[in-house]
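All of these numbers come straight from a predicted model, not from anything done at the bench.
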Amino acid sequence: MSGTINMFTSFSLSYKRTNTTNIDPIYPISHYSISSCTISNVPLLVSSCKKLKSGCTLKFVKASLATEDFIEEVNVDDVSSRLKVTATVNVRISKEVNVFKKLTELPQKDSSYEGFVFQLVSTQVDPSSMKPKVSKESALDWSKCTSLKDKGRGCFSFKVKLVIDEDFGEPGAILVRNHYDNELFVETISIEDCFHFSCNSWIQPAHTSKEKRIFFSNKAYLPSQTPKGMKYLRDRELKNKRGDGKGQRLLVDRIYDYDTYNDLGNPDKGVEFTRSTLGGEKNPHPRRCRTGRPNTATDVNVEKPVNLLISSTYVPRDEALEGTRRKDIFMGVWKGVLHNIPAMVTTLFNRNEVSIDISNLATGLYRNVSQAESLNAYGLFKFLDIKEMLKFETPKTVSYMIDIPGNITSYVRDDEFGRQTLAGMNPVSIERLKVFPPVSKLDPSMHGPRESNLKEEHIICHLNGMSVQQALDEKKLFILDYHDIYLPFLDRINAQEGRKAYGTRTIFFLTTAGTLKPIAIELSLPPNDSNLPSKQVLTPPVDATTNWLWQLGKAHVCSNDAGVHQLFHHWLRVHACMEPFIIAAHRHLSSMHPVFKLLNPHMRHLLGINSMARESLISAEGIIESGFSSGRYSTHMVCAAYRNWWRFDLEGLPQDLIRRGMAVPDETRPHGLKLLIEDYPYANDGLLIWSAIQELVHTYVNYYYHDDNVVIYDTELQSWYSEAINVGHADVREASWWPKLCTTGKLTEILTIIIWISSAQHAALNFGQYHYGGYVPNRPPLMQKLIPKEHELEYASFIADPHGYFVDSLPSLFQTTKYMAVLDIISAHSQEEEYLGEIKDMFTSWPGEPKIIEAFYKFSMEIRKIENEIKRRNLDPKLRNRCGAGIPPYELLVPTSEPGVTGRGIPNSISI
């Protein structure tokens, strides 16, 4: 206990009087010296509470009535009608306060308080003053606290006594002020184990933050149901989180506001670091969280990047990645640095980029698993020499690509190429082909003829005796179509050093085994030379030369696919488009609002992760620019997709499948859909998850919203949704496809989409990246050469050494290891991950709501059943896209996972 007390007292209490302008959430009050009063222990419930009597002393703070104060002056000498209750508080100390953020250093202020100060607020008002009933302010000094318990890892609990009136009523909120020199994280507060407050928030020192923190009890209230004693506090807390939209945000702030992505470049470093602002008519894009940093000297419209050596990008304090999660990320970064050492040394030694050695990948780049998992008798790491320590873990898919022991194939097989469109890391691009030849939607005056060069003779021999029209009618033809996405940018992309790309189309035929077989690839370039064809068609090989051309064609398709996956499906549809909904939720939904309580587990971490993405992923010369074919034009492609393709109403799984032609409505089938490819692992497993989420949300919404009018007149709900659209998605706010929030059904739809994207959709797109993309020849993120044509000089080199030409077209060794290191970091689960269906503290989170508790319990049980069903499917030999010789099981939508890079697990929120 002495060590625990010493740890807390090291926070250096400031005992001097605070002399600042009061902007507390309550009306201004004057603080007086601590008085004493005799009390005895009593339980919380008023019906069984005992009146105070002499016997022991409690320190509390006297509050006096100011002009607009809702706290009435109390006579501390009259104890005949006063009761004492016990609050149990769980807190955590930040061990990172001086490492990861720079606190504003202000001079010490005077204060008459010691430690933490607490004040309980009733849901009731005093009928004589019409102001909320409140307890005495009670202060706790760690050095004198006998109830302090060390729970390990910087977590502690303690008890504090609060004095209330006999007719106090039900506690609705608790006000907290921190008079220590460092911030503290308050996890929970419990009043006599009857009333619970899930705080989960950092409390800043009183000398740096004038705001007295408000925490509401776990009971949910719609705005119209707010008890009279809570109305002012409810409004004030939201006002505090909205801020005034002015000035630079400090890292200790918790203000949520919007801004454009005007911080991706740094023109002060030179014109080559200038980047366009994302957001606005020219480059439409969702908004981000505002930081208010100063502008650059070169361009006043560009926000100056943060110096990551001394600080970090602002996100509201509670959104910052902390503790084990941040440690895991930093460990991943250091591991990535170690993995890149051999490639860096090799590149420096050769004084230029070195191609990867595919024949030596199995032993040269990946760790020997059996060796890495063994321990010698001395318990030392002699089993793992330095070379092995610098190697990467072997991706799961690599073992399925080995044709002979120790030799990995240099390209993806046709069957695996088709299978990964349904069960790989990008299973959301494949579409049913509805018209043949496919037709472009681009302006022909700018991008050439809309007609494809694909002809019937290219595919007829691969249709099992069907005509093309018959195959279309029987829904046997499918396509990966990246033509319109890439073509408008190819002149700029291909002008970059070491970057070459096409706009690709790939046709697949659905076999009788239920698998997809690639039967034609079209490669398109801008029509810059009228004497040369801009489109090239490749078909499955018939000889050695066409075999290598086919492999090069597939590599370019996979490069297109890797870019679309990362830029559109992962960044835009998940990370960027969800951020405005989260910002708006914190600005307009009280923490006691039922919708906020439902969404809260699914909103964590995203703002912190997206701020890191602006620092190193989508920034100038960041990971995207350096690692993908699109290079510095990547964000321009994102903006085009946001303008022309993204639709919130089609982001739910069933509507997305219907939009892509992968399913048709059928009310006789489970989930109301018929999949056109029965063995479509992503869709099959995803629909189970989607339906479970939808059922939970339906039950939840209909419990709190008895009819449509309650939805319509919920002021906080309508403000949230309106601002998310009109401000957060301002560039598409006029679109007619936004769902109208006017019925319980539409609310269910909107919330289900948000939860689906934040959990299962992100998991399907993110956590398989290392295992599917960690073998770069399978899915190269960039290509360095185009496919040679007979009239070109490089054709002779290709004929002489096709394997060498193929390898030289891939990313270099250093580009490969750098990309793999990034995938390894973002594909990993934290040790403290919370997974879908894992519901902690269910009874304390939903007090007095047995139907809600039952709904969450059923949801948790359903998720467990789904996990067992997925395991069963992965063992079913009839399902050839997820089971069979050389076929890895599809586990990306298995709900649970161990920490690390596992290729499975659905966290509650968008996280890494």
Side-chain angles (χ1 to χ4, degrees), residues 286 420-434 441 475 478-482 484-485 508 510 516 561 564-578 581 602 638 641-667 669-695 697 729 732 735-739 745-746 748-768 836 866 881 890 892-893 906 910:
Q420 287 191 20
T421 66
L422 303 172
M425 79 181 195
N426 179 19
V428 294
S429 285
I430 189 70
E431 301 177 70
R432 178 170 69 86
L433 183 62
K434 300 174 184 178
K441 296 179 181 178
K475 301 178 176 58
F478 296 82
I479 186 172
L480 283 179
D481 192 349
Y482 299 134
D484 289 4
I485 295 173
F508 296 87
L510 181 62
L516 290 179
D561 189 72
V564 169
H565 161 266
Q566 198 66 266
L567 295 173
F568 302 162
H569 300 313
H570 189 195
W571 167 253
L572 175 63
R573 297 177 67 186
V574 176
H575 284 261
C577 286
M578 286 298 102
F581 288 99
H602 309 288
V638 169
Y642 182 61
R643 175 196 289 117
N644 301 324
W645 186 81
W646 182 79
R647 287 182 53 168
F648 179 79
D649 63 323
L650 300 182
E651 287 298 282
L653 179 58
Q655 292 303 316
D656 178 61
L657 292 170
I658 293 171
R659 169 173 60 176
R660 293 189 284 119
M662 301 302 292
V664 294
D666 186 345
E667 294 302 325
R669 298 292 188 100
H671 320 295
L673 293 177
K674 176 185 177 182
L675 291 175
L676 300 186
I677 300 178
E678 293 185 4
D679 182 18
Y680 185 179
Y682 161 77
N684 290 122
D685 297 354
L687 285 169
L688 295 178
I689 302 290
W690 169 270
S691 295
I693 295 172
Q694 185 181 51
E695 179 61 27
V697 174
H729 286 280
V732 292
S736 60
W737 41 254
W738 284 104
K746 284 300 180 182
T748 298
E749 174 191 345
I750 292 165
L751 296 179
T752 303
I753 290 173
I754 291 173
I755 295 173
W756 159 258
I757 292 173
S758 301
S759 57
Q761 180 77 322
H762 179 257
L765 296 171
N766 184 71
F767 294 107
L836 194 67
I866 290 171
N881 289 317
Y890 186 72
L892 290 175
L893 290 175
I906 305 176
I910 298 166

Notebook entry, point to check: Under a 4.5 Å cut-off applied to non-hydrogen side-chain atoms, are Leu480 and Ile430 in contact?
Noted result: yes
Next item on the list: Side-chain contact test, heavy atoms from C-beta onward, threshold under 4.5 Å: evaluate it for Thr421 versus Phe478 and give yes or no.
Entry: no
Margin query: Could you tell me if the side chain of Leu673 sits less than 4.5 Å from the side chain of Val664, heavy atoms only?
Written below: no
Check: Is any side-chain heavy atom of Met662 closer than 4.5 Å to a side-chain heavy atom of Leu676?
Finding: no
Item checked: His671 vs Pro654 side-chain heavy atoms within contact, under 4.5 Å -> no
Item checked: Mutual orientation of the aromatic rings belonging to His565 and His570 [parallel < 30°, tilted 30-60°, perpendicular > 60°] -> tilted
Check: Any side-chain heavy-atom pair from Val732 and Trp737 closer than 4.5 angstrom?
Finding: yes
Next item on the list: Determine whether Val574 and Gln761 make a side-chain contact, defined as any pair of heavy atoms from C-beta on separated by less than 4.5 Å.
Entry: yes
Next item on the list: Please check if any side-chain donor atom of His569 sits under 3.5 Å from a side-chain acceptor atom of Ser429, or the reverse.
Entry: yes
Notebook entry, point to check: What orientation do Tyr682 and Tyr680 show, parallel under 30°, tilted 30 to 60°, or perpendicular over 60°?
Noted result: tilted
Checklist line | Contacts of type ring pair (Phe, Tyr, Trp, His ring centres under 6.0 Å), residue Phe581, not counting sequence neighbours | finding: Phe648, His729
Note to self: If you define the side chain from C-beta out and look only at heavy atoms, does anything of Leu657 sit under 4.5 Å from Leu687?
What the structure shows: yes
Note to self: Taking ring pair (Phe, Tyr, Trp, His ring centres under 6.0 Å) as the definition, give me every residue that meets it alongside Phe767, ordered by chain and number, with sequence neighbours left out.
What the structure shows: His762, His829
